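Keep in mind that what you see is a predicted model, and the values were worked out from it rather than measured. Below, chains carry the letters A, B, ... as their sequence lines are ordered, and counting in each starts from 1.
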Amino acid sequence: MLQLQAIRDQKDEIINALKKRNIDAAPLIAQVVGLDEKRRATQTKLDATLAESNKLSKEIGELFKTGKAQEANVLKEKTGSLKEDAKRLGETLNQAAEELQTLLYQIPNVPNPLVPAGNSDEDNEEVFAEGDIPKLETNALPHWELAKKYDIIDFELGVKITGAGFPVYKGKGARLQRALISYFLDKNTEAGYIEMQVPHLVNETSGLGTGQLPDKEGQMYHVGEDDLYLIPTAEVPVTNMLRDVILNEKDFPICYTAYTPCFRREAGSYGAHVRGLNRLHQFDKVEIVRVEHPNDSHTALDGMVEHVKNILRELQLPFRILRLCGGDLGFTSALTYDFEVFSAAQDRWLEISSVSNFETYQANRLKLRFKDGEGKSRLAHTLNGSSLALPRVLAGILENYQTANGVQVPEVLVPYCGFDRIE
RNA sequence: GGAGGAAUGGCAGAGUGGUCGAAUGCGGCAGUCUUGAAAACUGUUGAGGGUCACACCUCCGGGGGUUCGAAUCCCUCUUCCUCCGCCA
């Protein structure tokens, strides 16, 4: 959520920057400014009414104490109309504040100046690429065929017990998955992230805090009975740990990592591009989350990108990094880098990580602040990234490491797996 | 699930209708003393709105009510604690 103060002060800059997202925010911003003025004017009137009422109440108290009940009763009558005014103004105020909130929820984050213009994923800017794309045998298989051949992932079994998009990992497949989780957590811990285990269901307030609600409601599984949401990413519970917190400057940086399953309804997407592990309703992910001083957040973002890079290097997977264009940028993000691994057998790039700086957008919703040198409260910056998402990394490994006699296990994972080949 | 009790500032903890945004202690910050530190002493220290700055307004778990006036009384929700039941 953008800060009202910023909208007031830098209206034109914001409208201009939002054009990169291909939206014309001018009407919305104008509405916000109008409502904000109304809200403040009403607040001023209400405050004056309440001040008058408070004053009278004090006088009445004094009069009763000194035994002047009659005079007190005269004053009492005067408070009646003030009360009515206050009630009416209070209602107007609440309504204006509510409308304002609804409007603010509709405005996405302002893209960072680095964000390239563009409409779709085709306009994303490749900023880095590394690793050799392996030359596979002509009869190389996509991962869903490999999964069947070696009996390590069973999609049909998942359909039987739950539905499409809920695979069952078996034997070495399950072990490889667990190995990846441990490996990622270890790498993140080495880099200074503190490991957390967090709830997999969150309440509505948490959904609002990180920006999944109110607009992406349909993408989360909702447990109606208890009004809880299954998390679409660990970002939600982990970042919300800092909700309503005022940090000290010396607390920065805050670095957390967490492994969780992620649940996404992904309504309405079927077809070739979602085969196998490419898109699931439940998948595993290890996430990194940082809370930073505004001055340091972009350096931190670069650091997170480097960190993910190093993991992919160790796994020896060919990858590239894209800077998302305005049209592809997530609603709450100011700047996002996507990591993609090349899947030789599918002959396409698979997104395996997304690293973002939300600047103050989430912090404003979360009321995540810190005391600066002058003792003033300011909003912190939040960042997060996948380090890493499991299924597509698994797909990339299966496809790129396949040989005529089985799938080799990447060297760094062998100690975690306890085997070096799936056959 | 049943029966009781509780929720106050960073923490602990007073406050049962007006003088309470809230005693006191601890912690934090600044200073005095000290070569430095500790101790001691002095001062300071919640959040939000509003204003050029003041004034002023709101907030004592959330929401609603009673009253001229609510941290304090009533209703309701949530959470925590104790006892019972169930249970990995």
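For A:K58 and B:A70, the NZ to C1' distance is 14 Å, given to the nearest whole Å. For A:K87 and B:U66, the NZ to P distance is 8 Å, given to the nearest whole Å. For the pair A:R40 CZ and B:G48 P, the interatomic distance rounds to 17 Å; values are reported in whole Å. Atom CZ of A:F64 and atom P of B:G69 are 12 Å apart (whole Å). Regarding A:D244, its CG atom lies at a distance of 11 Å from the P atom of B:G48, rounded to whole Å. In this structure, the CG atom of A:L247 is 15 Å from the C1' atom of B:G28, given to the nearest Å. Put simply, CD on A:E37 is 16 Å from C1' on B:G49, counting in whole angstrom units. Atom CG in A:L242 sits about 16 Å away from atom P in B:G10, given to the nearest Å.
B:U34 is unpaired under the Watson-Crick or G-U wobble criterion, no partner having all donor-acceptor distances under 3.5 Å. If you check B:A7 for Watson-Crick or wobble pairing at under 3.5 angstrom, you find it paired to B:U78. Under the Watson-Crick and G-U wobble criteria, each requiring two contacts below 3.5 Å, nucleotide B:C54 is left unpaired. Within the shown strands, nothing qualifies as a pairing partner of B:A22 under the Watson-Crick or G-U definition with both distances less than 3.5 Å. When both distances must be under 3.5 Å, the Watson-Crick or G-U wobble mate of B:U44 is B:G28. The partner of B:G1, taking Watson-Crick or G-U wobble pairs whose two distances both stay under 3.5 Å, is B:C84.
Residue A:N73 is out of contact with every strand shown, counting any heavy-atom pair closer than 4.0 Å. Using a 4.0 Å heavy-atom cutoff across all strands shown, A:L50 reaches sugar-phosphate atoms only and no base atom. At the heavy-atom level, A:S57 lies under 4.0 Å from base atoms of the strands shown.
Using a 4.5 Å heavy-atom threshold, the side chains of A:Q212 and A:M220 count as touching. Two residues are said to be in side-chain contact when any heavy atoms from C-beta on lie closer than 4.5 Å; A:P116 and A:R323 meet this criterion.
With salt bridges taken as basic N to acidic carboxylate O contacts below 4.0 Å, none links A:E340 and A:R392. The residues A:K148 and A:E145 are annotated as not salt-bridged, no charged nitrogen and carboxylate oxygen being separated by less than 4.0 angstrom. Taking 4.0 Å as the cut-off between side-chain N and carboxylate O, A:D151 and A:K170 count as a salt-bridged pair.
Between B:C81 and B:G43, the distance separating the two C1' atoms is 39 Å to the nearest Å. Distance check on atom C1': B:A70 versus B:C75 gives 15 Å, rounded to whole Å. Using atom P as the reference point in both B:C73 and B:U16, the two lie 9 Å apart (nearest Å). Atom C1' of B:C60 sits at a distance of 10 Å from the matching atom of B:C20, rounded to the whole Å. Nucleotides B:G31 and B:G21 are separated by 27 Å at their C1' atoms, to the nearest Å. A gap of 34 Å separates the P atoms of B:A88 and B:A6, to the nearest Å. Comparing B:G15 with B:U19, their C1' atoms sit 14 Å apart, to the nearest whole Å. Spacing between B:C41 and B:C77 at atom C1', rounded to whole Å, works out to 49 Å.
Where A:R8 and A:A48 meet RNA chain B, the nucleotide closest to each residue was compared, and A:R8 sits on the side nearer the 5' end. Of the two residues contacting RNA chain B, namely A:K55 and A:Q5, the nearest-nucleotide position lying further toward the 5' end is that of A:Q5.
Proximity of A:K76 to the phosphate of B:U67: no side-chain N or O atom is located under 4.0 Å from OP1 or OP2. Phosphate contact (OP1/OP2 of B:G50, side-chain N/O of A:R39, threshold under 4.0 Å): present. A:N54 has no side-chain polar atom (N or O) that falls below the 4.0 Å cut-off from OP1 or OP2 of B:C56. Close to B:G48, at under 4.0 Å from its OP1 or OP2, lies a side-chain N or O of A:S377.
A perpendicular orientation is assigned to the rings of A:F331 and A:Y361, their planes being inclined by more than 60° (bins at 30° and 60°).
For A:K172 and A:Y150, the positive end is not near the middle of the six-membered ring at less than 6.0 Å and at most 45° from its axis.
The shortest heavy-atom contact between A:V393 and A:A389 is CG2-O, 3.1 Å.
With hydrogens and angles ignored, no donor-acceptor pair closer than 3.5 Å exists between the side chain of A:N248 and the base of B:G28.
Nearest to the side-chain atoms of A:D47 among the listed nucleotides B:C57, B:G46, B:G18 stands B:C57. Across B:G48, B:U67, B:C57, the shortest atom-to-atom separation from the side chain of A:K83 is found for B:U67. Here the nucleotide nearest the side chain of A:I60, chosen from B:G18, B:C56, B:A47, is B:G18.
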